Structures are given as C-alpha cells and as structure tokens.
Engineer: 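Structure provided below as structure tokens; questions to follow.
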Amino acid sequence: MACSIVQFCSFQDLQSARDFLFPHLREETPGSLRKDPSKSSNWEDDSWGAWEETEPQEPEEEGNTSKTQKTSWLQECVLSLSPTSDLMVIAREQKAAFLVPKWKHGDKGKEEMQFAVGWSGSLSVEGGEYVTSALCIPLASQKRSSTGRPDWTCIVVGFTSGYVRFYTESGVLLLAQLLNEDKVLQLKCRTYEIPRHPGVTEQNEELSILYPAAIVTIDGFSLFQSLRACRNQVAKAAASGNENIQPPPLAYKKWGLQDIDTIIDHASIGIMTLSPFDQMKTASNIGGFNAAIKNSPPAMSQYITVGSSPFTGFFYALEGSAQPLLSHIALAAASKLTSALLSAASGWLGWKSKHEEESGQKQKPKMEPATPLAVRFGLPDSRRHGESICLSPCNTLAAVTDDFGRVILLDVSRGIAIRMWKGYRDAQTGWVQIVEDLHERVPEKGDFSPFGSTQGPSRVAQFLVIYAPRRGILEVWNTQQGPRVGAFNVGKHCRLLYPGYKIMGLNNVTSQSWQPQTYQICLVDPVSASVKTVNVPFHLALSDKKSERAKDLHLVKKLGALLKTKSPGLDSFETEIKELILDIKYPATKRQALESILASERLSFSCLRNVTQTLMDTLKNQELEFVDEGLLQFCASKLKLLHLYESVSQLNSLDFHSDTPFSDNDLAVLLRLDDKELAKLRALLEKYKQENTKATVRFSEDTDGVLPVKTFLEYLEYEKDALDIKKISEEEYVALGSFFFWKCLHGESSTEEMCYTLESAGLSPQQLLSLLLSVWLSKEKDILDKPQSVCCLHTMLSLLSKMKVAIDETWDSQSVSPWWQQMRTACIQSENNGAALLSAHVGHSVAAQMSNSAADKKFSQMVLGADAEALTDSWEALSLDTEYWKLLLKQLEDCLILQTLLHSKASPPTAKVSSPQTEPLPRLSVKKLLEGGKGGVADSVAKWIFKQDISPELLKCAKQERDAENPDEPKEGIARSFLEVPEVQIDLGATADLLRLAYEQFPCSLELDVLHAHCCWEYVVQWNKDPEEARFLVRSIEHLKHILNAHVQNGIALMMWNTFLVKRFSAATYLMDKVGKSPKDRLCRRDVGMSDTAMTFFLGSCLDLLQTSLEADISRDEMQVPVLDTEDAWLSVEGPISIVELALEQKPIHYPLVEHHSILCSILYAAMHFSLKSVKPLALFDSKGKNAFFKDLTSIQLLPSGEMDPNFISVRQQFLLKVVSAAVQAQHSVTKDKDPSQEAVTTHWKDHNWPVLAVDLAHHLQVSEDVIRRHYVGELYNYGADLLGEEAILQVHDKEVLASQLLVLTGQRLAHALFHTQTKEGMELLARLPPTLCTWLKAMNPQDLQNTDVPIAATAKLVHKVIELLPEKHGQYSLALHLIEAVEAMATL
C-alpha cells in the first residue's frame, strides 16, 4: 500500500465558469458559444449580460501570453471548497460563481459527482471593491435525526473595502460588516475538534480576519447563531415581500499588531497555557529578577504572522484569567468575551431606519479602535519575505513559504524553525492527518509497548503536502524529519486547497455522534476539470529502520518486478519466488504477495502449486501463537483449489471414448417418447435450427473446456470448508461450467469420475446442476449438431440427482421437489429454446425414472407391510411433479415455434425498408412470455409482421387456410386467396407454414382481431418515432379496418387518436388557419414535426381513422363484447394489460363530435392535397364549432345546430367549389411525372372520390348539394370530359339552372371555334348566323375553357342535351335552337 492520488469529483463545464470570470479568454468564434446550449442552461441571464458590459480587451503583445493565461487562469482566482464537498466558490475581482455537486453518469456509464454552476453574478456592492478572500463554512444541523451532513453552507467573502459579507448557497446576502478600513487579506476558520488526550487544550470555534495591521476574531458560537437567525429572517422577508432585515448583534475582537512592517498571512493557534517552567522563564524575561509569578499560568491566544521584519512574528493575547480545570475553558473564554473589547456590529444592511439611511449614505459606519498587541518574538530575517502559513491539524507545526522558494517547518510551541525544503518557488502547502487502524497492528515477539497490541490507543501521523507549480509536482513528506513518501506529476496549473476546518456548530456532545464525510486536502486541476485528494497510509509514518512493513512492501515490489521481467522457464525462478514470499513478515503483506503470484499468467501450474505448498508447510512448522489464522486458511483454500484444478484437468486430458452405439430408438427410450412424438420433436428442432443459424466468427484459440488456472482461482473460493462460486458474469459462469462438463457432454471424459471429483471437492449438487445447465443452454448450436450429447446429459443428470444432498428423501410427497424446480426455472429463463426443450425432456425422463424407482421401493414395502396408503401418496407425488414437467414441455414447445417464426424471413419486398424494420427482434423465453401479459405473444408477432411488412390481407388468408375444412391442399388454398388480393407483393414461402403452426399453437393469443390490434398499434408507434414514414400510418389504418369486432375497433381507434394523432392534428389545424393556405415544408416541420408531403398523408389517415370510428360506433350495438381467452398452458401469465383489454375499457365515442372532427379533417386534407390557397379552415365554423374541436371524443360537447349564418354558408360554398374544381383538374389535366420516393406510399393509398366527398361535406355544412353537383358537371364539360358529364347530369335536381350554365359553356366552345381559328369557312358561317347569336357569341370569353380541343360532334351533343333540359318557355330556348343550327353547319365544314 503506497501513497495515492484519487479523483473524487469532476467539473461539468469549467470552461463556462472561466469564460464568465475572464471574458477576454472566451473563444472568438461565434460557433464556440453555440456548441452545446444545454451547458449554459444553469447560468442566469444577468450573468451573461455582465460580459457585454466589459470593456474591449486590448490585443496581446505576444500570442503565448494568451495561451498561458487560458491554462493558468485558476491561479488568479480566489478559490474555496467546503470541507464536505457540497459547495465551491471561484471568484475574481467583482464576480463569483458558486458550484454545487450533482450526481450524473460519466463517460464510463458509472455515476460520478460533478460540480455544476448553481449561481453566478457580481458580489461587489461599493464601487471599485474586489474580492480578496473567501471561505465555504458548512453549518451543522440542529435536528436530532441528522445524518451527519451539514444543514447548509455559508459563504464568507472579504473585500478590498474592508467589508466582510456572508452569503447563502444561492447568492443571497445575509449580512455585511465593516470591521476595518483596510482591505481584507485573509479569512481563516477553526472548528471544534475533540481533544485526543487530557493534556490537550480544548479549542473554541472562531473566524479570524486578517488586515494589513490588525486581526479580527469572531467567536464561532456567536457567529453560528447569528447566521442561523439571519437566514431565517431572509426566508421570512422573502415570503412576506419585506426587504428590511434586522440581523442580531455580532461580537468580535480586534487586535492591532505592532512592531512588524508587513503582514501577508496569519494563523490563529488558539488558547494555550504555559507550563510552570515556561511561565517562570517568560516572567523573568519580561519583568526581570523580581518579577511576580502567579500561582497558575494564564491562558493566552496565540497568533503567528508571516511577512517581513520580522519574517515570522509570534503574538500572544492574554485572556486575563487562568483556567485551572480543562472543563472550565469554555466558561473562562465566555467570561473574558464579556469583559474584553466587545463591539456590536455597526455596518448592518437594513439595520437603520430609512431616514437615517438616506442621511448617512455617504458616511462610513463607525468602527471601534483596535487593542494594541505587540509582537513578543519572531524569526528576524530582513531579506526574507513570507508568503503563506499553513497550520497543522493538531496545532503543533506550521509550514511557511517565502519568496526565496523555501518551505520552512515551524515548531509552534517553541517558536523555532526545525526543517527547510529548497527549490519550491510559489509553493502551496497543506496537511494530511492519518489515524492508525488498530486492526492492521501485528504483535511481534518481545514487544510489550502499548502500541504493540490491538487494544492500545491509536497513533496519529501528520504528513506535509507540497505542491510546486513551477515543476508540476505534488509531494508528500513525513514530518518532522521523515522522508518523502509520495510524489505525483499533476500539471503546472493546479490549485492545492487545504481548508483546515470541518463543520461549524458542533460541540463535545454532538461531534461524537456525527461522522461527517470531510476531506482534508484536495487538488483542483483545471486542465482535466477534476478534483483529486491524497490518500496516505499510516505505515508510511513509521521509520524505515523499525518498520517491517516498509521492508515487506519493498519485497512485494521486487516480487512484482520479478514476475513481469524474468523468464519463468528458468530453474532458479521458482526458488527466488519462494525466498521472497518467505522473507515477508506481515501476514497481510504475505497474503498480498501470494495473491499476486496466483494472479500471474506467466507462471505454470506446478510452480503455483509448489509455492503455495511451501508457504503452507512453513506456516504449519511455526509456533501456533505466532501463526495468522486467516493466512493459514487462505493458503489451505488455495491449495485445495489447485488440487481440484489438477484433478479436473487430468480427467479432461484422458483419451476416453464411449463405445456404446446410439440410435433413434435409444433416444426415444431415453426420453420416454414414442416414434411419432420423437419425429415431431426432430422436425421442430430442425426448423428451429434452420431459422436460427447465424454466421459466427470462431478463433482457433477459443477452445471449449479449457480454463487458465488464474481464471479458475478467481471464480472459486472456500468459505467454512465449503467450496463456493463467486459472483461472476454469465460468460464466466459458462466458462467454468465448460471446464467441468464440456468433455463429459461430448463423451470424451468419464462422467462418473468427474461427478465424484467435484462432489469430493465440496461443490454442492445444486451448484453443479446450475453449472451444467448453464453450459448446456449456452452451447445450443453445438448441442443441436450432436444428438448423442442428450445421452451424456441424461447420464450426468442421473448421477447428480443421486447425490446425497440433491433430493431430500424426507421431502413431502405432496409438494414439488426444489431440485427439479431449479432445473425447470433454468429452462424457463433460457432464451435458447431448442436446448431448453431438450434439457426439459431429459429432466422429465430422469425425474420419472427416479419416481418409478421410489415407487417400486415403496411397492415392495407395501407387499411386505400391506401399506396401501403409502402407494397412493407416491402416485400423487408423481402425478404432481409430472404435471409441472408436462406444462413446461408444452410452454417450451410453444415458445420454440414462436421463436422460429420470429426469426424466419420472407422474400424481400419491392418497397424500401426503413431502419426500424432492420433492427433484430429480441429472443424469447418462457419467462418473458409469462411476464409479458396476455398480449405478449401477439405483441411479439406484431413486431415480426412490422419487420417483414406483411399485409393484413395475407394474415387473413393464412388464418382462413388454417380454418379450412380440407387440410390436404393448403398451398392451393393460399394461392387462391392470393389471387383475390392482387396487391400482396410478398411471397412467404415456408413462412406461411410457420404462421399457420403459430396459429394452431396460440388459437386465443393470435386470434385475428387481437393480432390486427397489436399490428395496428405497432405500426403507429413506429410511425410516431419517424413521422416521415407515412406508409407506417397508412398500414396501421389498414390493420384497424381489418378488425372485425366493433368494440375492439372503436377502442383501438380512440387510443390511437388520443395518444398519437390529436396533438399533431391540432397543430396542423392552427398552422393552416394561421397561414391561410397549404403551408410550406419548413413550417410543417417546425409546427407539426413532419414534411408537407407526410402531413398530407397524415391528414388522409386521420380522416380514415375517424370514418372507421363512425362505422364502428354504428355496428357496435349489434355485436357482443369479445371474451379474451388464454391457452391452458399460459394461464399463469402476468404483466402489463394488453392492448385489446385497454381498448375494451374505452368509453364509446360521441358520434356527432367525431363527425364534427371528420368534417374538419376532410377540409384540411382537401386543402393540403390540392394545395389550395386563401383557405382558413377554422373560419368555416362558428364559435360553437371551434370550441368543440380537439376535445375528448367520448365527451358531449355543445355543437352547432339550427340555421347557420349566410356568411358562413357562402364561405363554405366557395371552399367546396374550389375543391371540386381542383379535383376535376387533378383528374383530367396532363399527368406529370411523380416523385419516385412517394411511390411506396401511393401503393398503399387509394385516393378519395372527391366530388362525392364534396357533396357529403355540403350536406353537413348546410350548403346546397345541387350547387356542388351542377358545378361538378360544369367542370367536367369545361375539361372536355363530356361522357362523365352526361352521367353526372343525372344526379342534378335543378336541371333548368344547369342548362343555362351549360349553354354558356357551349357558347364559349363555339366562340373559340369561330373567332380563334379565323378560317374562311368559319367567317362565311359567321356571316350567315343571326345577328342576335353573333352578338351573344362575341360576348363569350373562350379563355375560361380548360380544354379547347373538343370535337364539334361532342359540342353538338351538348347542345342537344341543353335543349332537352331547357323548357320551351325559357328565355334562352330560342338561342339554343340557333346554336343547334350553327353547330350542325360547323359540323359540315
């Protein structure tokens, strides 16, 4: 055990804190601030705003200066860390950042503590003042149930203005006080420590503040109470909104230090009492020969300062009263506090009234004068200037640094320098105090000192830690004159933090029950953004001459070097190892050396055995009282393990082969199966083997059944003469089992001898069974290739079952044997279903064989003793255990068939395959199916269907084929069904047989409605992960439509709407209403989360879902609620409620509300599908209609009723006319090339009959349906689709108005033919026409025609149609007659 440096915390984002405190060090590129916006989430806006107020930085003269400052910035900051590691303060000039620890996952996946910024801002109140010093003082909790953690942490900050301010962790100012007009140089704290022995003076808690010429001390008890009161007042003021805070008075002492030039740092030693000799010596030096000497020495407070002239000064403040008893120290200190200079705080914020504040704003608070305190003596060195002083934890030593690069060790009580280190410029120092662990003591012969036994007092060692930033090294030294015991390269930009205090507020009673987790020293590394601490073992404090442990550690290091470097093939190698381990004295170190030898991979087995045996013999030859029992047991256990390893290795190396032939008949007899059952088992395993074959890489050195001795020793251990297996991973467990049983399972090793060897070694039958099953279940591929291994497993299981402790003979026959239950549990948990099914058959066979032998034995006893009741009991026990085996075999068979189906692959589809469909499916086990709930089977098959993208029609066909009455022609039946479904593009091949087999095994779990429900849910879940995959949502709606039961269909549709669709649907509605047209791709992605194309298909799917819900609501009254059954083998399933059960729990929908949403969805879909403009969907509805949208579809809402406002009807009519026009245009305009990326989607999608849909919408929107039909007819003729127009005319009611509209269209066609062709014949015909007709034709505008290439015969037919529709008394009837003549004349041209 050597000295070590350990990281215990890291920084989440230290660079942000640096950029806040040093704005000029920020990266100039704007992208650097946008790399990770989450990292700046903890910073407040005010903090970032402070950067903008800073003045622009002048360019550096040298580029290296900026680079150096970016790494050494922490040296320019004021840094403080709480001893309990719950708060860190980093301050510079006027700004500060408070960092708090948080537990987060690190890079390696483990949780680690990271400091993150909890508060940041400016601390300065007065202009021009800077932060000079800071402390984080944890305050103890006053609650009795406290766990040892501090209640809260107070931040004490000193400023150049002389103010000392106290803050909470969130940056709230508690109180501030001006104690001196000079700047604060240093803040230091002392907390309560239990005296180690009666000779040590009990010290009080205090806060000391150093000024250039004064020291101010504040009593810790008074400070603790004041801070608690201020915190409570601040909390009350924040709750009530009152900002006036009246803090309690604070007592302090101020000493004016005299006879010294400059002071840089100080140390408050505390109260000390002189011995009588020192008292007389001091009195004689001060008062001379005739000085009067008091009966008891006075109590004094000692202070040490470092600076110049003198380099180190010692001050003693006389307390004025002696303390004859140690228990009266506290009372004496308290009485002196009342008699000495006590001063109430005069600089409180909010202490005075508002009028006094306004009048005295420019005046500084009054301060009490300091009590003069002259230096008693010092270390005069005019050239040396002190820089810092660090007091040891027990107040006996102090480390002082100076400007000469020296570290000087002071004896505090004698006032002399006792040691000096050179070459440590700018050094930072700290202390580590280590208490001896009594359990590490080892009594030696002839040692009668109190420290030679485990019952004496604990010793305490002090180590000085020196960090030299110039060299980037951290050293640990043993004091006072000890050597260097540790050195670490840590970098040149770190900060060493040594608080020197713990938790404030404890006393001699509460501190005994508290065990606070505090650190003594830590190193902050800004480069690696980590906080580290130093661990020093106690034995390093012992001198090298007297410490056997140091010698032992040297031997251990020598042994480690020997194991790494020297070749193990030499004869002297083993001898050197033996000599080294025998020379080690301490048992713990000797055990450590033996562990390193046994863990070496370079040593042979014989060498390990010989070394362990030699050490064992040496220990046995020693006297019993000087032999460590633990080491002796450790050697004995390792020796037993080595002998076991040797025995197993010898058995595996023997050339053993069984000559017994193995046939199918033997396998059937062995497993107690008939020929038909065996053939079925073989067929199932063959299919499973074909579908589960994977290409695996196998290296030549990966040999099964071989285990290094080092690994073997790591896996096993002896506890109380019993061999036990350690907690190892599953792979390691299989490796250990393979070492024992792999050769036996292949018939290459003697099974009987192996079982006897392992049983003799102390392994229990339960452990051996667990190892055997782990090997069998994990080596499934090899086992299925070698059927004769089943016979070996049968033999080994029979031998294990016959061991003494395996099956208790007195076990109650009415219950289940734990032995067989252990085996069944392993099969249930295994994901290798083929191997599990074989092992279950073997276990069932062995259990039946043993039960029959026990029954035969009882039968013979019954014949002799005529005990008929015993025979009955045995058959009951056999029946109970057999039922469990039969149940397990059925479950494993079902799971095997399901696993085979899930790993089967159909022919690849023509459509593109998305990434979620390429992800492998998880393997199944009986345990997973039992814990998956009633829907676990259907959910697994649904995931497979999604991966293969099998259409719902194909599932229906496979189900119909299974239910067909003629099973002799399954393939033809499926072929006929495929002909009925031309869009099915997937050829399942052999997968169809597996699907039918799964239907047979799970007739209830894979009932068609249940399967469609789970497929529907699986597709919509995958669509929700990637909304761009619109075909997933389309396929989900297809599965929804194939659900036959209306109750299930209604529930699934309602769950889909509420879970996945309504939020996106409402977002799309508001977006389109805001834009007023079909939105662009960017807006769709921003608001709805998908592209404009995907949103079009999304709206179409929503419309289909709502229409399906309406149809299901109509037919649900005619159907009964389905009963969800479960197969007999799976009645014990537990787990989450299935999708179908959830669907059946849903309330029925409110039909008018769903219809209302369907109307809105149709409007949105039409606007997106045809890219309509000037459309605001919500403007088509009144306030009642708008308020009813996006509410729960099962709730009853106030919907529009009665006559609608004509303005709304007019807007609705205009919209529907746009839809009809766009639909006819899309149908009859010239088709353009489609986007190939959307071909996969359009194959799943059937476009709606938009004119019919528009008429249906007109009915619901109170728009005249006949207007829509007439407009549809007119658009058809407008685009030249005269035949379709004639069919559409039949649906129009007001044919007279339609005839007038068609008459205008006819005139436009003739006007185009006459006026735009400009032929001679046409002009002659125009001259022969009646003037009225010519005038009317000239008024026509042919540009409104969408298709001008209509033959004149079609136009003539249209004119005759108009004549039929117009009554003779109509005003335009004569005009129509003239048109007939004109058309007939044009036809002859």
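Residue numbers count from 1 along this sequence. Remember, it's a predicted structure, so these values are computed and weren't measured experimentally.
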Engineer: Find out whether V611 and L615 are in side-chain contact, i.e. whether some heavy atom of one side chain is under 4.5 Å from a heavy atom of the other.
Structural biologist: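 SC-SC contact between V611 and L615 ruled out.
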Engineer: In sequence, state the C-alpha distance, the side-chain angles, and the governing distance for E1000 and R996, and then conclude on salt bridge (charged side-chain N to carboxylate O under 4.0 Å, His left out).
Structural biologist: CA-CA 6 Å; E1000 294 175 3; R996 289 198 304 274; 5.9 Å; no
Engineer: I need the minimum non-hydrogen distance between F1002 and D894, along with the two atoms involved.
Structural biologist: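 Result for this residue pair: CZ-CB, 3.4 Å.
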Engineer: Applying side chain to side chain donor-acceptor pair (under 3.5 Å), can you list everything that pairs with W885, at least two apart in sequence or on another chain?
Structural biologist: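 Partners of W885 by the side chain to side chain donor-acceptor pair (under 3.5 Å) criterion come out as none, since no residue qualifies.
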Engineer: How close do S1005 and V1010 get, counting heavy atoms only, and between which atoms?
Structural biologist: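 Smallest heavy-atom distance, with atoms named: O-CG1, 3.5 Å.
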Engineer: Can E1127 and K890 be said to form a salt bridge (charged side-chain N to carboxylate O under 4.0 Å, His left out), step by step?
Structural biologist: CA-CA 11 Å; E1127 293 80 10; K890 180 65 172 66; over 6 Å; no
Engineer: Keeping the roles fixed (side chain from N610, backbone from S606), state whether a donor-acceptor pair exists under 3.5 Å.
Structural biologist: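 Confirmed, N610 side chain pairs with S606 backbone.
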Engineer: Is S1138 reaching over with its side chain to a backbone N or O of K934, donor-acceptor style, under 3.5 angstrom?
Structural biologist: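 Answer holds: no.
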Engineer: Check whether any side-chain heavy atom of F741 sits under 4.5 Å from a side-chain heavy atom of S749, and report yes or no.
Structural biologist: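 No, every pair of side-chain atoms sits at 4.5 Å or beyond.
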Engineer: Has Q899 got a side-chain atom pairing as donor or acceptor with N833's backbone, closer than 3.5 angstrom?
Structural biologist: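 No, the answer is negative, given that no donor and acceptor are paired below the 3.5 Å cut-off.
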Engineer: Rounded to the nearest 0.5 Å, how far does NZ of K640 lie from OG of S637?
Structural biologist: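 Going from OG on S637 over to NZ on K640, the span is 8.0 Å.
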Engineer: Going through the distances and angles, do R672 and H844 end up as a side-chain contact (heavy atoms from CB on, under 4.5 Å)?
Structural biologist: CA-CA 9 Å; R672 296 174 177 266; H844 180 213; over 6 Å; no
Engineer: Do R682 and E686 meet the salt-bridge criterion of a basic N to acidic O distance under 4.0 Å?
Structural biologist: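 Looking at E686 and R682, the cut-off is not met.
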Engineer: Tell me yes or no: between the side chains of D724 and Q767, is some donor less than 3.5 Å from an acceptor?
Structural biologist: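 Judged by distance alone, the side chains do pair up.
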Engineer: Less than 4.5 Å apart, any side-chain heavy atom of L707 and any of Y715?
Structural biologist: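 The answer is yes; the side chains approach within 4.5 Å.
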Engineer: When you compare the side chain of W820 with that of M850, does any pair of heavy atoms fall below 4.5 Å?
Structural biologist: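 Yes - at least one pair of side-chain heavy atoms lies under 4.5 Å apart.
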Engineer: For Y756, I'd like to know if atom OH has over 12 heavy atoms of other residues, nucleotides or ligands within 6.0 Å.
Structural biologist: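 Not buried by this count: 12 neighbours or fewer within 6.0 Å.
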Engineer: Locate the shortest heavy-atom distance separating W944 from L901; write the atom from each residue and the value.
Structural biologist: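 Looking at all heavy atoms of both residues, the closest pair is NE1-O, 3.2 Å.
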Engineer: Other residues, nucleotides and ligands only: do more than 12 of their heavy atoms fall within 6.0 Å of CG on D675?
Structural biologist: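 Atom CG in D675 is not packed in, count stays at 12 or less.
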Engineer: I'd like to know whether E780 forms a side-chain contact (heavy atoms from CB on, under 4.5 Å) with I783, so could you lay out the CA-CA distance, the side-chain angles of the two residues, the decisive distance to 0.1 Å, and finally the verdict.
Structural biologist: CA-CA 5 Å; E780 183 183 59; I783 288 167; 5.7 Å; no
Engineer: State the CG-CG distance between L598 and L603, to the nearest 0.5 angstrom.
Structural biologist: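 That separation rounds to 9.0 Å.
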Engineer: Roughly how far apart are C792 SG and H746 NE2, rounded to 0.5 Å?
Structural biologist: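 Reported to 0.5 Å precision, the distance equals 9.0 Å.
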Engineer: In Å and rounded to the nearest 0.5 Å, what is the OG1 to NZ distance from T825 to K927?
Structural biologist: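 With rounding to 0.5 Å, OG1 (T825) is 9.5 Å from NZ (K927).
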Engineer: Quick check: does any side chain N or O of S830 sit under 3.5 Å from a backbone N or O of C827, one acting as donor and the other as acceptor?
Structural biologist: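 A pair under 3.5 Å: no.
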Engineer: In terms of ring plane angle, is the pair F712 and F740 parallel, tilted or perpendicular, where the classes change at 30° and 60°?
Structural biologist: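 Rings of F712 and F740: perpendicular, as their planes differ by over 60°.
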Engineer: Are L797 and L769 close enough that some pair of their side-chain heavy atoms sits under 4.5 Å apart?
Structural biologist: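 They are in side-chain contact.
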Engineer: Could you tell me which non-hydrogen atom of L713 sits nearest to which non-hydrogen atom of K726, and how far apart they are?
Structural biologist: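 Nearest pair, atom of L713 first, then K726: O-NZ, 4.1 Å.
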Engineer: Kindly say whether E646 contributes a backbone atom to a donor-acceptor pair with the side chain of S649 at under 3.5 angstrom?
Structural biologist: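 Not confirmed, S649 side chain does not pair with E646 backbone.
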Engineer: So do L758 and L771 actually touch side chain to side chain, heavy atoms under 4.5 Å?
Structural biologist: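 In short, these two side chains do not touch, never coming nearer than 4.5 Å.
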Engineer: Give the minimum heavy-atom separation between Y733 and S774, together with the two atoms involved.
Structural biologist: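 The pair with the smallest heavy-atom distance is CD2-OG, 3.6 Å.
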Engineer: Do F946 and L921 touch side chain to side chain, with heavy atoms closer than 4.5 Å?
Structural biologist: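 They are not in side-chain contact.
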Engineer: Keeping the roles fixed (side chain from S600, backbone from I597), state whether a donor-acceptor pair exists under 3.5 Å.
Structural biologist: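 No; judged by distance alone, with no hydrogens or angles, the pair does not exist.
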Engineer: Taking the side chain as every heavy atom from C-beta outward, state whether W819 and P765 have any pair of such atoms under 4.5 Å apart.
Structural biologist: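 A side-chain contact under 4.5 Å exists here.
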Engineer: Checking side-chain contact (heavy atoms from CB on, under 4.5 Å) for the pair K743/M754: CA distance, chi angles, key distance, verdict?
Structural biologist: CA-CA 10 Å; K743 296 286 186 180; M754 182 64 71; over 6 Å; no
Engineer: List the steps, then state whether side-chain contact (heavy atoms from CB on, under 4.5 Å) holds for I897 with L994.
Structural biologist: CA-CA 8 Å; I897 293 173; L994 293 174; 5.8 Å; no
Engineer: What's the separation between atom CG in L924 and atom NE2 in H903, rounded to the nearest 0.5 Å?
Structural biologist: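 One finds 7.5 Å between CG of L924 and NE2 of H903.
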Engineer: In Å, rounded to the nearest 0.5 Å, how long is the span from CD of Q891 to CG of L889?
Structural biologist: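 CG of L889 is found 9.5 Å from CD of Q891.
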Engineer: For the NZ atom on K928, are there more than 12 heavy atoms of other groups (residues, nucleotides or ligands in this structure) within a distance under 6.0 Å?
Structural biologist: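 Above 12, so yes.
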Engineer: Of all the heavy-atom pairs spanning V734 and V775, show the shortest one and how long it is.
Structural biologist: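 The answer is O-CG2, 3.8 Å.
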